[in-house]
Amino acid sequence: MSRLANFFNLFYRIGIMLILFFLIQLPPVAITIANRYPNNLGLTILLVAIFLMLFAFIIGWARRLYRQYDQLGQGGHLRLGLVAGGYLTLLVGMMFFGQLNILLFHQTQTANNAAVAQMLNHNQLATIVFVIASCTLTPVAEELIFRGVLTNLFFPASWFWPKLVLSGLVFSCAHLSTNVVSFCTYLFMGMVLAYVYRRSGSLKNSIALHAINNIVAMAVLLKI
């Protein structure tokens, strides 16, 4: 009976992650549709509202799950040194994988970044909301899902590296990749974010790191 209960518990946890994985893909769809009708203000407002409501639901549900399954305790302070070190690590890693992507596949950016770039500057209101959300709501939602929920749902609390690898793998699967280098780029990013979270014991740090990374990425895409 215990084995059967453990099996259903595992199945339930996998189901939770599959639903969250699917849900986090939905908000950008609203912006994509809005970009097709840049002159329809009413439709744009409706789609932007749907975009924000989806994020509100995702963040609210993921936050409840995080509190339910948290293995570390939700204390901990913002550790600026750890965030800065994490960002430098990301920067070096992104430069390495970027050069490898150019060398092996002649791509100057990942497919995910190219897709994000295509979503900008088609619909002014949608672009503004999307950019702001990418630097605020997206880091919160993705950190709650891929670090706060995922790393606490699977493996005992003491299993440090398996949690990092799992977080990186699932995080990378949630981002568009067309080759192995692109996939490894987001795998590396997810693992660094998971390391910062697990090392600090607080999602504040991985959220801050994720937000900084997205702010810089958006600035580059917008050529600010």
Side-chain angles (χ1 to χ4, degrees), residues 20-21 24-25 27-28 31-32 55 78-121 127 130-151 160-200 202-224:
L20 286 171
F21 186 94
I24 198 60
Q25 311 299 321
I31 299 299
T32 300
F55 262 119
L78 188 62
R79 295 172 56 179
L80 296 179
L82 185 60
V83 173
Y87 183 70
L88 288 176
T89 303
L90 279 181
L91 197 60
V92 172
M94 294 305 103
M95 290 174 61
F96 170 76
F97 285 114
Q99 290 301 311
L100 199 60
N101 206 19
I102 293 172
L103 179 64
L104 296 180
F105 299 101
H106 310 292
Q107 294 181 1
T108 57
Q109 60 182 343
T110 65
N112 188 81
N113 281 354
V116 171
Q118 290 178 356
M119 296 177 67
L120 304 175
N121 300 319
T127 295
F130 179 72
V131 169
I132 293 174
S134 295
C135 301
T136 55
L137 299 178
T138 298
V140 173
E142 291 192 349
E143 290 312 300
L144 280 168
I145 293 171
F146 299 110
R147 260 59 68 181
V149 177
L150 178 60
T151 65
F160 188 82
W161 290 105
K163 288 178 179 290
L164 267 60
V165 173
L166 177 63
S167 178
L169 285 171
V170 179
F171 181 73
S172 186
C173 288
H175 292 75
L176 184 62
S177 297
T178 55
N179 60 61
V180 66
V181 173
S182 180
F183 184 86
C184 288
T185 300
Y186 291 103
L187 169 64
F188 173 76
M189 184 183 298
M191 289 184 65
V192 171
L193 288 164
Y195 178 87
V196 168
Y197 162 56
R198 300 296 297 189
R199 181 69 182 272
S200 66
S202 173
L203 272 181
K204 297 174 186 175
N205 295 283
S206 61
I207 290 173
L209 174 56
H210 199 149
I212 292 169
N213 179 77
N214 283 14
I215 288 170
V216 174
M218 278 296 167
V220 170
L221 289 175
L222 292 169
K223 297 179 174 60
I224 296 177

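These figures come from a predicted structure and were not determined experimentally.
- Between the CE atom of M189 and the CG atom of L209 there is a distance of 9.0 Å, given to the nearest 0.5 Å.
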Query raised in the report: Hey, mind stepping through F183 and L169 against side-chain contact (heavy atoms from CB on, under 4.5 Å) and telling me if it holds?
Result: CA-CA 9 Å; F183 184 86; L169 285 171; 4.0 Å; yes
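- With rounding to the nearest 0.5 Å, the separation of OG in S167 from OH in Y197 is 10.0 Å.
- Residues N213 and Y87 share a closest heavy-atom pair of CA-CE1, 4.1 Å.
- Using cut-offs of 30° and 60° for the angle between ring planes, the F171 and F146 rings count as perpendicular.
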Query raised in the report: Are H175 and E142 close enough, and set up right, to give a side-chain contact (heavy atoms from CB on, under 4.5 Å), and what steps lead you there?
Result: CA-CA 11 Å; H175 292 75; E142 291 192 349; 3.8 Å; yes
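- Between F188 and L90, the shortest heavy-atom distance links the atoms CE2-CA, 4.1 Å.
- Between I31 and P27, the closest side-chain pair of non-hydrogen atoms is not below 4.5 Å.
- Across all their heavy atoms, T32 and M119 have their closest contact at OG1-CE, 3.8 Å.
- N101 pairs with exactly one of T178, N179, T185, T108 by the side chain to side chain donor-acceptor pair (under 3.5 Å) rule, that one being N179.
- V196 approaches L82 most closely through the heavy-atom pair O-CD2, 3.6 Å.
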Report task. Determine, step by step, whether C173 and Y186 satisfy the side-chain contact (heavy atoms from CB on, under 4.5 Å) criterion, reporting the C-alpha distance in whole Å, the side-chain angles of both residues, the deciding distance to 0.1 Å, and the verdict. Result -> CA-CA 8 Å; C173 288; Y186 291 103; over 6 Å; no
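- For the side-chain contact (heavy atoms from CB on, under 4.5 Å) criterion with H210, the lone passing option out of I215, L203, L193 is L193.
- Note: T151 OG1 to I145 CD1 = 12.5 Å, rounded to the nearest 0.5 Å.
- Nearest approach of T127 to N121, heavy atoms of both residues: OG1-N, 2.9 Å.
- Note: S182 OG to Q107 CD = 7.0 Å, rounded to the nearest 0.5 Å.
- Nearest heavy-atom pair, C135 versus A211, reported as atom, atom and distance to 0.1 Å: O-CB, 3.7 Å.
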Report task. Evaluate the side-chain contact (heavy atoms from CB on, under 4.5 Å) criterion for residues T136 and V140: first the C-alpha distance (whole Å), next the side-chain angles of each, then the deciding distance (0.1 Å), finally the verdict. Result -> CA-CA 7 Å; T136 55; V140 173; over 6 Å; no
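- Using a 4.5 Å heavy-atom threshold, the side chains of T110 and S177 count as separate.
- In this structure, the separation between CE on M218 and CD1 on I132 is 11.0 Å, given to the nearest 0.5 Å.
- Atom CG of L80 and atom CG of N205 lie 8.0 Å apart (nearest 0.5 Å).
- Checked against a 6.0 Å centroid threshold, the rings of Y195 and F160 count as neighbours.
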